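Below: the structure, in structure tokens.
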Protein chains: 2
Amino acid sequence: MMGAVSATGGYLKGRLRRQDILGAAIEVYAEAGYHGSSLREIAKRAGITHAGLIYYFPTKEALLAAVLEHRDTQDADRERFATTPPGREVLRRFITLAEHNVRNPGVVDLYARLAAEAVAADHPAHEYFQRHYRTARDIALKSFQALADRGELRDGVDPNATAVAFIALMDGLQVQWLTAAEDVDLVGILKSFVDNVLTSPLD
Amino acid sequence: MMGAVSATGGYLKGRLRRQDILGAAIEVYAEAGYHGSSLREIAKRAGITHAGLIYYFPTKEALLAAVLEHRDTQDADRERFATTPPGREVLRRFITLAEHNVRNPGVVDLYARLAAEAVAADHPAHEYFQRHYRTARDIALKSFQALADRGELRDGVDPNATAVAFIALMDGLQVQWLTAAEDVDLVGILKSFVDNVLTSPLD
DNA sequence: CCTACCGATCGGTAGG
DNA sequence: CCTACCGATCGGTAGG
């Protein structure tokens with residue numbers, strides 16, 4: 001009786017604990033960055049001691065890796081991006097993602113903080129963000145290229161430059177929006193950027 | 001004799017010391033952010049002990065304030081921006097600034113790191129960056145507005161949205177460029193953004 | 001400007 | 001998972 005309950009319960013509890021810890025880590029990374037956050041603070045918000053946290057994630061870096069991996073696998077959006085054929089629909093998904101982000105400032109904070117930190121070549125998330133940017137650029141590029149092929153891009157608009165600019169614009173807007181939300185209509189500006197390179201509005 | 005020499009010498013030495021410290025601080029902030037940098041590391045690069053540094057700048061925050069102030073006053077560019085009449089010439093200056101930045105990655109690093117950190121409302125540089133963004137946006141807006149008045153903006157291009165986007169684009173490009181320089185033609189993309197909202201190319 | 005120090009906090013380990 | 005601990009590092013102070 002005790003054995004069965006505690007074994008199953010233990011596994012379930014372990015999984016839930018991990019979720020608690022990841023959730024707390026995302027919160028704290030967003031507020032303080034990776035280097036600026038402590039295992040003790042994350043552990044406290046998860047309701048355990050910092051040694052307890054280390055029982056689940058053996059090092060500070062392992063926890064960061066788990067947070068990044070967690071976001072990637074859980075992010076159903078990412079899969080939808082991959083399966084959507086290049087074109088206007090993909091751009092609409094980017095806008096939808098931005099709308100989602102504006103409703104979840106914590107996620108925006110997390111990425112903005114980590115991306116700036118990870119600029120350093122020896123940061124544990126450096127390669128992650130190199131991949132992240134390359135993937136994002138590729139997805140945008142394929143869509144702008146497809147639109148160019150169909151003659152839906154205005155004359156003189158270069159798909160490559162537009163793709164890089166689009167991703168950069170999303171990131172830059174996020175930092176400005178986080179700094180002074182009332183001054184920046186993040187979604188509106190993204191939309192008008194897209195509308196301005198297309199021959200006809202997005203929707 | 002001794003008095004005069006040491007008094008003058010002391011003042012000069014003090015000024016030079018402050019320059020050394022500020023230079024070292026800029027370096028370390030760029031590498032590690034503000035929270036991630038230590039007075040000991042900055043002091044070491046300036047050739048003194050951390051207690052010696054505190055003799056010149058009484059707290060960690062005071063040093064950050066001095067670095068920010070130093071950049072603002074020394075930045076001759078900023079003044080030229082203010083005195084240049086709104087229009088194409090101002091946009092050209094932004095491009096020139098970007099070209100300068102690409103040759104000085106340290107400055108870019110400093111701003112990218114601090115801007116992301118300062119998103120937090122309780123960060124000592126938070127208000128500085130709120131002002132910084134507002135000023136940058138205003139300068140860009142005045143120029144895009146002037147161009148709109150003269151009919152030099154393409155149909156449907158909104159000066160306000162374009163100004164915010166332009167500043168966000170500069171920031172976003174910087175982080176992407178710092179993360180993977182070979183993948184991002186920072187200056188080229190800025191130029192094509194501007195050319196794409198104008199009725200005729202910038203230069 | 002330095003030596004010497006303080007209390008606080010950090011990531012990680014030992015040993016249960 | 002916890003208690004208890006380690007060595008390292010932090011910003012700042014005292015006192016010269």
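Treat the numbers as computed from the prediction; the structure is a model and nothing was measured. In what follows, chains are A, B, ... by sequence order, proteins preceding strands, each numbered from 1.
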Problem set entry | Whole angstrom value for the distance that separates P of C:dT13 from NZ of A:Lys60 | 15 Å
Problem set entry | Pair A:Glu31 + A:Arg45, salt bridge at N-O below 4.0 Å | yes
For this session: Pick out which of A:Val102, A:Asn101, A:Leu173 makes a side chain to side chain contact (heavy atoms under 4.5 Å, CB included) with A:Val108.
Result: A:Asn101
Problem set entry | Phosphate-side-chain proximity, B:Ser38 and D:dT9, N/O vs OP1/OP2 below 4.0 Å | no
Exercise. Going by the angle between their ring planes, with limits at 30° and 60°, are A:Phe81 and A:Phe94 parallel, tilted or perpendicular?
Worked result: tilted
Problem set entry | Aromatic ring pairing B:His132/B:Phe129, orientation class (parallel under 30°, perpendicular over 60°, tilted between) | perpendicular
Problem set entry | For atom OH of A:Tyr55 and atom P of C:dT13, their distance in whole Å | 16 Å
Problem set entry | Between C:dG12 (C1') and A:Glu61 (CD): distance, integer Å | 13 Å
Exercise. NZ of B:Lys44 versus C1' of D:dT9: gap in Å, rounded?
Worked result: 12 Å
For this session: To the nearest Å, give me how far apart CZ (A:Arg40) and C1' (D:dT9) are.
Result: 13 Å
Seminar exercise, completed: When both distances are under 3.5 Å in a Watson-Crick or G-U wobble arrangement, the nucleotide paired with D:dG16 is C:dC1
For this session: Could you tell me the separation between the CG atom of A:Leu39 and the C1' atom of C:dT9, rounded to a whole number of Å?
Result: 12 Å
Problem set entry | Whichever of B:His35 and A:Ala51 has its nearest DNA chain D nucleotide further upstream toward 5' | A:Ala51
Problem set entry | Interatomic distance where CG belongs to B:Leu64 and P belongs to D:dG12 [whole Å] | 12 Å
Exercise. Checking all strands, does B:Ile54 fall into the base, sugar-phosphate, or nothing category for heavy-atom contacts under 4.0 angstrom?
Worked result: base
Exercise. Among the nucleotides C:dC2, D:dG12, D:dA4, which one has an atom lying closest to any side-chain atom of A:His50?
Worked result: D:dA4
For this session: Take atom CG of B:Leu53 and atom P of D:dC10, then tell me their distance rounded to the nearest Å.
Result: 13 Å
